[in-house]
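Just so it is clear: chains get the letters A, B, ... in the order the sequence lines come, proteins before strands, and each one is counted from 1. Hydrogens, waters and symmetry mates are skipped; everything else that's a heavy atom, side chains included, is used.
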Amino acid sequence: MHEQYQPRDIEAAAQRHWAEHKSFEVTEQAGKDTYYCLSMFPYPSGRLHMGHVRNYTIGDVIARYQRMLGKNVLQPMGWDAFGMPAENAAIQNKVAPAAWTYENMAYMKAQFNQLGLAIDWSREITTCKPDYYRWEQWLFTQLYKKGIIYKKVGTVNWDPVDQTVLANEQVIDGRGWRSDALVEKREIPMYYFKITAYADELLSSLDNMPGWPEQVKTMQRNWIGKSFGADILFDYDLDTVGIEGQLKVYTTRPDTLMGATYVAVAAEHPLAQRAAVNNPELTAFIAECKAGSVAEADMATMEKKGLPTGQFVLHPLTGDKLPVYVANYVLWGYGEGAVMAVPAHDERDFAFANTYQLPITQVFASTDENKTFDAKVWHDWYANKTDVTTINSGKYDGLSVQDAFDSIVADLEAKERGERKTQFRLRDWGISRQRYWGCPIPIIHCPSCGDVPVPEDQLPVVLPENVIPDGSGNPLNKMPEFYECTCPTCGADARRETDTMDTFVESSWYYARYASPQYEGGLVEKSAADYWLPVDQYIGGIEHAILHLLYARFFHKLMRDEGLVNSDEPFAKLLTQGMVIAETYYRMLPNGGRQWYNPEEVKVEHDNKGKAVSATLISDGEPVIIGGIEKMSKSKNNGVDPQVMIDEYGADTCRLFMMFASPPDMSLEWSDSGIEGASRFLKRVWRLAYKHVQAGACEPLDIAGLNDTQKEVRRAIHAAIQHASQDVGQHQKFNTAIAQVMTLMNVLEKNPTEQAQDRALLQEGLETVTLLLAPITPHICHVIWQQLGHSEPVIDAPWPQADESALIQDTLSMVVQVNGKLRAHIDVSASASREEIETIARENENVLRYTDGLTVRKVIVVPNKLVNIVAN
RNA sequence: GCCCGGAUGGCGGAAUAGGUAGACGCAAGGGACUUAAAAUCCCUCGGUGGCAACACCGUGCCGGUUCGAUUCCGGCUCCGGGCACCA
């Protein structure tokens, strides 16, 4: 054992040991409890970032802890290798996405190994390789045949200059990020997963998922958004529309139908299209609605505009004529593309009605007479569903919301002008992408047979890897050798689909493939899947709370219904780590864009309170704008490279710092200070262990023979075990577990070493420190454990158990409050009765000062904690 | 705009079946050791007042419930995540 702590040598040696012994390769051993610990696999962007380090360290700590509990632990790793960044890099550097991706993977894998992660690399999977995506294509063809996948028209962002479809991220302020052209909405045919068919189950299963954070379940419930309402039919007014027909709307508030004063339709709605003929103003407005991105956030924040069509429809109960408006906030493809408007009880309709001078009919009044209705100013209670009663509603007057709902829907159903309907906010999942670097959709378009799924014996449809996209459209469309094919059904000349799949598809089932990653007989090998699945612990960023986690849950149910897995949910327990965030810095560019600077390139000036006041670029000394703290990302260039930290301090120090800086589910603002402290602590552990080992072997601990001081030290050891075990095992709060070990180290460093039993106690203390730290800082613990005289490696040592008898205390310290204010500390015997404690408290000198002249009304004794004397 | 979170010393954070606010660490200041530095060790460290004992104030803001509120309730402010083609 070297006197100095030398992380480089120690870490290399420990990593070599694990590699030589294949320590983390696991098989399906019968009779052992399994634990499948999975962290979200990375996109191979180039280098590990801080979010990766945090994510994978958390996963590794949990995996190693579970192993010490005696479980057969699987911790696999792979690459979410398809995606847009590879295409962007290709356009920029003229390198094929495949080559760029594989290079990144190799670099990042080396970084993973430097971090000392307990990964079974024999199970590595790469989603852009045919041996992976062929099963995705296979599943696609099965689901297509079942009707779970279907084709319909969808809306995308279209860049008219680059002639290409843009992702929402590529639309900035309504313009294409490369061309700067105004983006348009364009409708194209796409394939969809019928996720809405599983909406009810995806919702109800959430009630049986105790291992998931409430926050995530709430977000998913709201996203699925089950609502109870009604479809309502409005007959066309023949005079103004010119044809017979009915306008269908869905509403969650049929109870307000008597207050409907107009209807609004989307620009693409047949009524709007019809009205636009020979109406240049309306035609222009419809064209205007086509501009801008498809992102919901943009839709929701844009100015609400509308135009009358000159058409009317008939109110289904009163027969009144209601004007038909075209409105930019009504979306085609969501619901019926038409809404009924009740300005008095819907805030958006209220604003719209006031803008366009449309009538506002109040149909609910507050039961609180102080709340009166004002048609010019919106008050929140207008949308209340409780403490309101119907008015101005004819035969429906005087009803509650529920009663009005029921009566009105019953009448609509009797008149065949509507019906009760449950609806979901969740929409079907469009997966077609007009991009090269993705999994090809296994469909062949035949002029006579239509869309034909590629037969199983012709899978996989291999994506050519030596292609360099140029940013305009999908290069597969220019490659006859890819798209020219024959129809599998009739043998005629046919065209292969050139769209690829959304990369969320690959990440929706990868966790299952890890069970049997090389299996060639199917998507999963049943025995392996049954052995490992579901995942016991899944770890990843909170930013995936909805999309990825919902899609993966959906896929698990699809796979279950295909007989591939036998559970209902993929992830028993979920830990959503907070983001690693950092300050951003930028300068405005002449074209209105922003040039982002990395924190390392910037020097920040602080005021005397430590608050940042200004920043300058180191290279030119000119000021930059402080842009606020955001998630570390490439687009904002605010990432801090963890490699620099690893090189300087070693993996254990980085891991320790990351875990100590904040609890895993909280966002972590990066700061350079603190890493020194982690390094200092590991040096202290090393030094104490070194001194102890140098002093030679020690005798066994004689627990019964310990004196009072020694008993206190032993109590500290076992208190640390107790608290750290709770922190790691139950609360998954590694920062407080580390604090417990630091507190123990503070005690152990002061422990005398003269007597043999003092040294025996120190041995127990150092073993405890090593075991408790082993999941967090595995390399240093690997070496110290050996040096403390153990032949088995620490990864296979059992997690320590607290000795209850060591924790018992004779006297307890309690506090005394007078009227809730702290006035004294008292020591009481652990066996003291309530009355004895109260007497000691009331006789305390400082307590007497504050109760003097007052009458004691009440004494509250909280066992082991405090006494509160209420007096006046 | 809508949905979900968060806010505690100079900084990261600790403490919630409601019970001592600031564990543990960082930074800072002072001291010891040293020719010197690094490293290490010791002390101080929320604010105000006080020689001190101690007192008063203090967990984003306003209000409420309670013997007692960082914790529960109502109303805000600011910050972060997501919003279906970033992953």
Exercise. So what does A:Thr301 touch, heavy atoms closer than 4.0 Å: a base, only the sugar-phosphate, or nothing?
Worked result: base
For this session: Would you tell me whether A:Arg435 and A:Thr164 have side-chain atoms, one donor and one acceptor, within less than 3.5 Å of each other?
Result: no
Exercise. Under 6.0 Å between ring centres, would you say that holds for A:Phe555 and A:Phe193?
Worked result: yes
Could you list the protein-to-nucleotides 24-27 of chain B atom pairs, N/O on both sides, closer than 3.5 Å?
from	atom 1	to	atom 2	distance (Å)
B:G25	OP1	A:Asn746	ND2	3.3
B:C26	OP1	A:Arg680	NH1	2.7

Problem set entry | Face-on cation placement of A:Lys821 at A:Tyr850 ring, 6.0 Å and 45° thresholds | no
For this session: Tell me what A:Lys304 touches on the nucleic acid: a base, only sugar-phosphate, or nothing, going by heavy atoms under 4.0 Å.
Result: nothing
Exercise. Where along nucleotides 52-67 of chain B does protein come under 4.0 Å, by heavy atom, of base (B) or sugar-phosphate alone (S), with - for untouched nucleotides?
Worked result: ---SSS---------B
Exercise. Whole-Å distance between B:A15 C1' and A:Lys865 NZ?
Worked result: 10 Å
For this session: Kindly say if A:Asn735 contacts the phosphate of B:A14, meaning a side-chain N or O under 4.0 Å from OP1 or OP2.
Result: yes
Exercise. More than 12 non-hydrogen atoms from neighbouring residues, nucleotides or ligands closer than 6.0 Å to CZ on A:Arg715, yes or no?
Worked result: yes
Exercise. Ring centres of A:Tyr329 and A:Phe352 under 6.0 Å apart?
Worked result: yes
For this session: Only counting residues at least two apart or in another chain, list the ones meeting ring pair (Phe, Tyr, Trp, His ring centres under 6.0 Å) with A:Tyr551.
Result: A:Trp429, A:Phe504
For this session: Step by step, work out the side-chain contact (heavy atoms from CB on, under 4.5 Å) result for A:Val216 and A:Ile542.
Result: CA-CA 8 Å; A:Val216 175; A:Ile542 184 68; 4.0 Å; yes
Any N/O pairs under 3.5 Å between the protein and nucleotides 28-34 of chain B? List them or say none.
none

For this session: Using atom NZ of A:Lys683 as one end and atom P of B:A38 as the other, report the distance to the nearest whole Å.
Result: 14 Å
For this session: Could you tell me the separation between the CZ atom of A:Arg348 and the P atom of B:G1, rounded to a whole number of Å?
Result: 14 Å
For this session: Look at the side-chain N and O atoms of A:Lys733 and state whether any lies under 4.0 Å from the OP1 or OP2 oxygen of B:A15.
Result: yes
Seminar exercise, completed: Here RNA chain B, pairs taken as Watson-Crick or G-U under 3.5 Å and shown with ( ), [ ] when crossing and | when to another strand, reads (((((((..(((......[....))).(((((.......))))).((((....))))..(((((..]....))))))))))))....
For this session: To the nearest Å, give me how far apart CE (A:Met666) and C1' (B:U8) are.
Result: 10 Å
Considering only nitrogen or oxygen atoms on both sides, find all protein atoms under 3.5 Å from nucleotides 43-48 of chain B and state each distance.
none

Problem set entry | Pairing residues for A:Arg823 by the salt bridge (charged side-chain N to carboxylate O under 4.0 Å, His left out) criterion, not counting sequence neighbours | none
For this session: Starting at the 5' end of nucleotides 71-87 of chain B, put B wherever the base has a protein heavy atom under 4.0 Å, S where only the sugar-phosphate does, and a dash everywhere else.
Result: ---------SSSBBBSB
For this session: Sort and list the pairs that fulfil salt bridge (Lys or Arg N to Asp or Glu O under 4.0 Å) and have at least one residue in residues 736-747 of chain A, not counting sequence neighbours.
Result: none
For this session: If a pair satisfies side-chain hydrogen bond (donor to acceptor under 3.5 Å, both in side chains) and one of its residues is in residues 675-688 of chain A, list it, with sequence neighbours excluded.
Result: A:Tyr649-A:Glu676, A:Arg684-A:Asn746, A:Arg684-A:Glu749
Problem set entry | B:U65 to B:A14 separation - C1' atoms, rounded to the nearest Å | 27 Å
For this session: Apply side chain to side chain donor-acceptor pair (under 3.5 Å) to A:Asp727 and list each qualifying residue two or more places apart in sequence or on a separate chain.
Result: A:Thr736
Exercise. Any side-chain heavy atom of A:Trp79 sitting closer than 4.5 Å to one from A:Asn104?
Worked result: no
Problem set entry | Aromatic plane relationship, A:Tyr56 with A:His52 - under 30° parallel, 30 to 60° tilted, over 60° perpendicular | parallel
For this session: Output all residues satisfying salt bridge (charged side-chain N to carboxylate O under 4.0 Å, His left out) with A:Lys217, sequence neighbours left out; order by chain, then residue number.
Result: A:Glu214
Exercise. Do A:Met77 and A:Pro42 come close enough that some side-chain heavy atom pair is under 4.5 Å?
Worked result: yes
For this session: Figure out the CG/P separation between A:Leu688 and B:C41, and round it to whole Å.
Result: 11 Å
Exercise. Taking the six-membered ring for Trp, are A:Phe41 and A:Tyr510 ring centroids under 6.0 Å apart?
Worked result: yes
